[in-house]
Structures are given as structure tokens and as C-alpha cells.
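Position 1 is the first residue of the sequence, and the numbers go up from there.
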Amino acid sequence: MLKDRITGAKALMRALQAEGVKTIFGYPGGAIMPVYDALYDYTRGEKKCFDHILVRHEQGATHAAEGYARVSGEVGVALVTSGPGVTNTLTGIADAMMDSTPLVVIAGQVAIGALGTDAFQEVDLVGVSQPISKWSYQIRHAEDVAWAVSRAFYIARTGRPGPVVLDFPRNAQVEEIDWEPKKVDFVRSYVPYPKLDEEAVRQAAELINGAKRPLALVGQGVELGNAQAELRAFLEKADIPAGRTMLGLSALPSNHPLNVGMLGMHGNYAVNLKEQECDVLIAIGMRFSDRVTGNLKTYAKQAKVIHLDIDRSEIDKNVKTDVAVVADCKESLPAITALLQENNHREWRDSFKPLDEKERQKVIEPAIHPQAGPLLMGEVVNAVAEQAPDDAVLVTDVGQNQLFATRYFKYHHQRSICTSGGLGTMGYGMPAAIGATFGAPGRTVCCFMGDGGFQMCIEELGTIMEQKAPVKMILMNNHYLGNVRQWQDMFWMRRKSFTKMLNPCYELIAQGYGIAYQAVTDRKDLAQAIQKMFATDGPFILECAIKEEDNVLPMTPPGMNVNEMMLEI
């Protein structure tokens, strides 16, 4: 019997195929050439099973893989070379770690015989990536490829998802082995799905049943656990108002009657104040980020805290918990719901309404329906949201564009938001939007960017051009690094130190890449320009001239209590 003898590079192709990979975002180079040569046969002809998307920068590969993973629920894959190729991915790896995004980054490496010699484009990838990944491993021999890839995907996608890094020395790529598939579904000392504690479930239900003013804080864990239906059943049975973190915004539809807005520094006024009035606080798949809690010394001290999370390390890390339910929320939510009493908290819910109305009058209406003056970011986002399809995906860069976009966009379907939450990575937006178009090809992808973030990964316009990726790019141009400028105005005596930007002609840039473009400087033209954007097949850049000193409100100043939220400056 003839054995199936192949190289390590071809073994990688088969291992990726076994994991169900369909799309790879990458950039070739010297140390990964054997893999790219093997990839050639797997991206064309009868043997085709992968789409390879050639990005223009390795950071773009990781962000594109993140966007793909966020909207599809699958593991994103990036393929790069050694040295500067893989160090360029570190920002994306750290971003994925902070935001629990399943990612596998595969990088070329010099042959193991040259390790430690400062060989051309050698870098200690395992050493530099271990602190910012779930697992980092060097495949030193071809015979380990199938096992390492299966283990990488198992770790990346199970439990609390995250990035995994595989360092692939050149010798292991070219060695020949007898192919034998491997399937890893167990790793000693790694427990991705903790066993549900029935006593903790009982205690949580008892607290919720006795609550007069319960409040749920919904995080991305609900989306990652595909527990959107379980969340609604839980909230509706006990009549619990729910705030959502930025990354958890699409876990509950915007128009759901129990949705009381976005949490955090620039979230909604009522829900932030009510965190300091509730008697039972139920955190579901969220990590009590400093941007949500404000001053931890005073945060929700009046409340009993129930924390549902799959990651035990998050329990008591920032906020002391009275009852911890450590499990997948798709399992823990229905278990608690089964023990809940049908309830009515109408009086408690109604107490949000005067605060909502105060925010509407002081902040929202002036932001989305200004009567005069330059365009505002809030009105641009609102105008786009009014015309966007219900299943549109919001992608943002980082800064004021992100804060306005997440506040005023509308969420009707699950997995509808891609944004850099924990790391706050400028430049994330454009490549993540490219990935989202491949992860959800039937959905409209709206990417909001400021002029600063747009230029950080502007080279990915080349990827958009080549792939004809139908990204609807809304460039909100205020000629400032707007968020830093706002903080300088508020906290640094208006000393605008290097936040003013001299920008290029974006129309000429769009023309150079063959991307449809329109500029809007007057609000009377905004609705028609947005209509044209959505009616245009393929990518589109809509540049909006924004008021230079447009500020994001409400705002809880850093270090302040969440109920000290400012509605005006």
C-alpha cells in the first residue's frame, strides 16, 4: 500500500481544510514561501477550497480576520511571513485577545537550525506573542502540523475565544511526512466549558426573584455564546431592563422594550445613573471594563452583584460578586430562567423615562437634528442608519467616529457590530470591514471612520479595489484627532497639542483606487448622497465635512462615578 507522503506545507493545507477554513487573509514573504506554493493549488481549479485575500499590510490581515470572525462566528485566519511580517500582526493579536475574538495567525520562521543566530527576518515569535494570545506554539517538525493546527483551532474557538499563534519554521514546511489527520478535542488542564453549579444558579434566581430594581448588563459573551434567544427569554420572564456594553450592542435589538441603552463613558444617561440605584446587578458575559464602571470605589455598592461568565478569571477581578455563575451563558441563562418567577417591574422601568427624555432633549436631538451650522457626526450616523438595511453590519474605527456610530446606529440582528473595544486600535475599521464582507457576504457593511483612523490603514483601499469588497465607507472628516482634541479641550486647558490634521484630497485617492466617491458639505445633500451610496454596487467612500469641534456627549470623565455623567460641557 502506497503511503500518502506530503510536505509540511501541504499538511498545513489539509489541516486547515479539516477545520472548515474557507477564507485566509495573508501576505507572502520569504520564510512562508513553501506554504504559499502549496496554497497555489488550493485556491484554483478542481482542488480549490480556500479564498486567499491578499491584504496590503499584515496588520490589515489580522483585523480583516477579526472582522470575518466577528460576523461569521467562525475562526479568522491570517497567514504571514517571519520577522517584520509577523511583528506587524501583534497589534491585531492583542486586539483579538482583549475582545475575545477567535483568530489563528500562522507565521513563517527561519529553519530551526538557524534559530538564535539573528538570521535574516528572525524574531522570537513565541516569546513576544505569549502574553497576548491564548496559546503560542512553534511547529518544529512536519509531523506535528496536523496536531498543532487542530489544537490551535480547538483553543481559539472554545470557551472564551481568543487568538492563537503558530510559528512555522521553514524546515518543517519542506520536510516530508506520511499524512495522518489529527483531531484535538481535549487539552489537559484546559477546561473551556466549566460545569454549571446548580447551587449558584439557585442563589442567582433567588436574588433576582426578590429584586425590586434589577438591572442586567449585557456583554459580548451573549453573542459569542450564541445565546441571544436565551437572553431575551431571561429578561422577558423577569421583566428586567438591560443595558448593553459597546461590544454587546447587537445581542439585544435596539427596539426591544427592555433595552435601556448603551453602558459606559459615552453611553446612555439613564442606564449609567441607574447602575447606582439598582438593588440587583446581573452582569452577563461582560468584564466590568473601566470604561463601564468609572470609579470602582463607588460603583454599584448598593447592589447585590450576580456575574455570569465563562471565564472564571473575570470573577471578582474588578467588581466583587455576590453570586458567580461560571459557565457558558447559553447554558446558565436558561437554567436561571427556569427558576424565575414571572414578574413586572414597570415602576422601575418607568423611572428610566425622565432621564431618557432629559438626554434626548439636551444631547440626542441637537446631535441628530441640528438646525444650523456644519454637519455633525451624530446626524451623519443617524441618517445612514435610517437608510441602512435592517441586517446591516456596523464597523467602526476608533475615536469620536466610534462613539457616535455605536450610539446612533440601529441593531436589529445578532453579530451586527465590529469595533475595537478593549485595545482601542485606530486603523481597525477599514480592514475589519473587508473581513466582514467575506464573513457575511449577504449583508451591507457600513464602516464609519475619522480622518485619523482612515489614514492609519489607508493602504487597504488596495485590497478593497482588488476584491471589489462592497464596503460602504463613511469618512467623517473634522481635520482633527477628534477624541484627543476633545480631551485636550476639557482637561488640558484647550492646549491642542498636535491634534490638528492636514489631510490629503480623498477624492483623488478614491479616484486612484477606482472607488466610487462623493463629498457632502451641506446637510441638504446628505440623504441623497447616502441613497446613492447604498444604490452603488461595490465599495463607496462618502466623505462628510464635520464640525471641527463636535463633542461626544454624554460623558463620564475618567475616574469619576458613573452617576456623575455630563450632558453638556
Working to the nearest 0.5 angstrom, can you tell me the gap between Leu103 CG and His63 NE2? 10.5 Å
Kindly give the heavy-atom pair with the smallest separation between Met377 and Asn401, and that separation in Å. SD-N, 3.9 Å
Going by atom types alone, do Arg287 and Thr245 pair a side-chain donor with an acceptor below 3.5 Å? no
Quick one: pull up CG in Asn171 and CD1 in Ile112 and give me the separation to the nearest 0.5 Å. 4.5 Å
Ignoring hydrogens and angles, tell me if any N or O in the side chain of Glu74 forms a donor-acceptor pair with the backbone of Ala69 under 3.5 Å. no
Where Asn483 and Gly399 come nearest, the two heavy atoms and their spacing: CB-CA, 4.1 Å
For Gln220 and Ser100, which I'm curious about, is there any donor-acceptor pair between the side chains at under 3.5 Å? no
Please report the closest heavy-atom contact between Ala327 and Leu196, naming both atoms and the distance. CB-CD1, 3.6 Å
More than 12 heavy atoms from other groups under 6.0 Å of OH on Tyr193: yes
Pair Arg160 + Glu314: basic N to acidic O under 4.0 Å: yes
Is atom NZ of Lys304 surrounded by more than 12 heavy atoms (other residues, nucleotides or ligands) closer than 6.0 Å? no
Residue pair Asn226 / Gln228, side-chain heavy-atom distance below 4.5 Å: yes
From OG (Ser133) to CG (Leu125), nearest 0.5 Å: 8.5 Å
Does one side chain, of Ser129 or Ser136, offer a donor that lies under 3.5 Å from an acceptor on the other? yes
Rounded to the nearest 0.5 Å, what's the gap from OG1 on Thr425 to CE on Met456? Could you check? 9.5 Å
I want to check something: taking the side chain as every heavy atom from C-beta on, are Ile417 and Tyr411 in contact at a cut-off of under 4.5 Å? yes
Taking Glu466 first and then Arg56, would you say they form a salt bridge - that is, a charged N and a carboxylate O separated by under 4.0 Å? yes
Going by the angle between their ring planes, with limits at 30° and 60°, are Trp487 and Phe491 parallel, tilted or perpendicular? perpendicular
Using side-chain contact (heavy atoms from CB on, under 4.5 Å), reason through Thr419 and Leu247 one step at a time and then give a plain yes or no. CA-CA 7 Å; Thr419 191; Leu247 294 182; 3.6 Å; yes
Atom NZ of Lys10: over 12 foreign heavy atoms under 6.0 Å: no
Side chain proximity check, Leu54 to Tyr27, heavy atoms < 4.5 angstrom: yes
Working for side-chain contact (heavy atoms from CB on, under 4.5 Å), residues Phe50 and Gln17: CA-CA 8 Å; Phe50 305 131; Gln17 192 176 9; 4.2 Å; yes
Distance, nearest 0.5 Å, that separates CG of Leu79 from CD1 of Ile24: 6.0 Å
Hits for ring-ring contact (aromatic ring centres under 6.0 Å, His included) against Phe234, two or more places apart or cross-chain, chain-then-number order -> none
Would you please test Met246 and Gln402 for side-chain contact (heavy atoms from CB on, under 4.5 Å) and show each step? CA-CA 10 Å; Met246 183 180 285; Gln402 174 188 41; 3.7 Å; yes
Does Arg407 use its side chain to pair, donor to acceptor, with the backbone of Gly267 at less than 3.5 Å? yes
Decide if the gap between the ring center of Trp147 and the ring center of Tyr137 is smaller than 6.0 angstrom. yes
Looking at Lys317, I'd like to know if its NZ atom is crowded, meaning that more than 12 non-hydrogen atoms belonging to other residues, nucleotides or ligands lie closer than 6.0 Å. yes
Report yes if the side chains of Leu16 and Val149 come closer than 4.5 Å at any heavy-atom pair, otherwise no. yes
Please check if any side-chain donor atom of Ser250 sits under 3.5 Å from a side-chain acceptor atom of Glu223, or the reverse. yes
Please confirm whether the backbone N or O of Thr62 pairs with a side-chain atom of Thr89, one donor and one acceptor, at under 3.5 Å? no
Just by distance, with hydrogens left out, do Glu275 and Tyr299 show a side-chain donor and acceptor under 3.5 Å apart? yes
Which residues satisfy the ring-ring contact (aromatic ring centres under 6.0 Å, His included) test with His57, sequence neighbours excluded? none
Are Phe168 and Gln173 close enough, and set up right, to give a side-chain contact (heavy atoms from CB on, under 4.5 Å), and what steps lead you there? CA-CA 7 Å; Phe168 199 7; Gln173 298 175 44; 3.7 Å; yes
Do Met555 and Gln486 touch side chain to side chain, with heavy atoms closer than 4.5 Å? yes
Give me the atom names and distance for the closest heavy-atom approach of Ala172 to Ala142. O-CB, 3.3 Å
Atom of Thr117, atom of Glu122 and distance for their closest heavy-atom approach: N-OE1, 3.5 Å
Hey, is the main chain of Ala146 close enough, under 3.5 Å, to the side chain of Lys182 for a donor-acceptor pair? no
Non-neighbouring partners of Arg415 that pass salt bridge (charged side-chain N to carboxylate O under 4.0 Å, His left out), sequence neighbours left out: none
Any side-chain heavy atom of Arg151 within less than 4.5 Å of one from Trp135? yes
Looking at the rings of Tyr42 and His52, which for Trp means the six-membered one, are their centres under 6.0 Å apart? no
Backbone N/O of Val305 and side chain of Asp322: donor-acceptor pair under 3.5 Å: yes
Classify the side-chain pair Asp99/Thr101 by whether it contains a donor and acceptor separated by less than 3.5 Å. no
Thr23 backbone acceptor or donor facing Asp51 side chain under 3.5 Å: no
Using only atom types and a distance under 3.5 Å, with no angle test, would you say the side chain of Asp397 pairs donor to acceptor with the backbone of Met426? no
Would you say Asn88's side chain and Pro84's backbone share a donor-acceptor pair under 3.5 angstrom? yes
Is atom CE of Met465 surrounded by more than 12 heavy atoms (other residues, nucleotides or ligands) closer than 6.0 Å? yes
Would you check if the side chain of Glu19 reaches a backbone N or O of Ala15 as a donor-acceptor pair within less than 3.5 Å? no
To the nearest 0.5 Å, atom CG of Asn272 lies from atom OG1 of Thr556 at 5.0 Å
Contact summary for Ala107 and Thr81, nearest pair of heavy atoms: CB-O, 4.1 Å
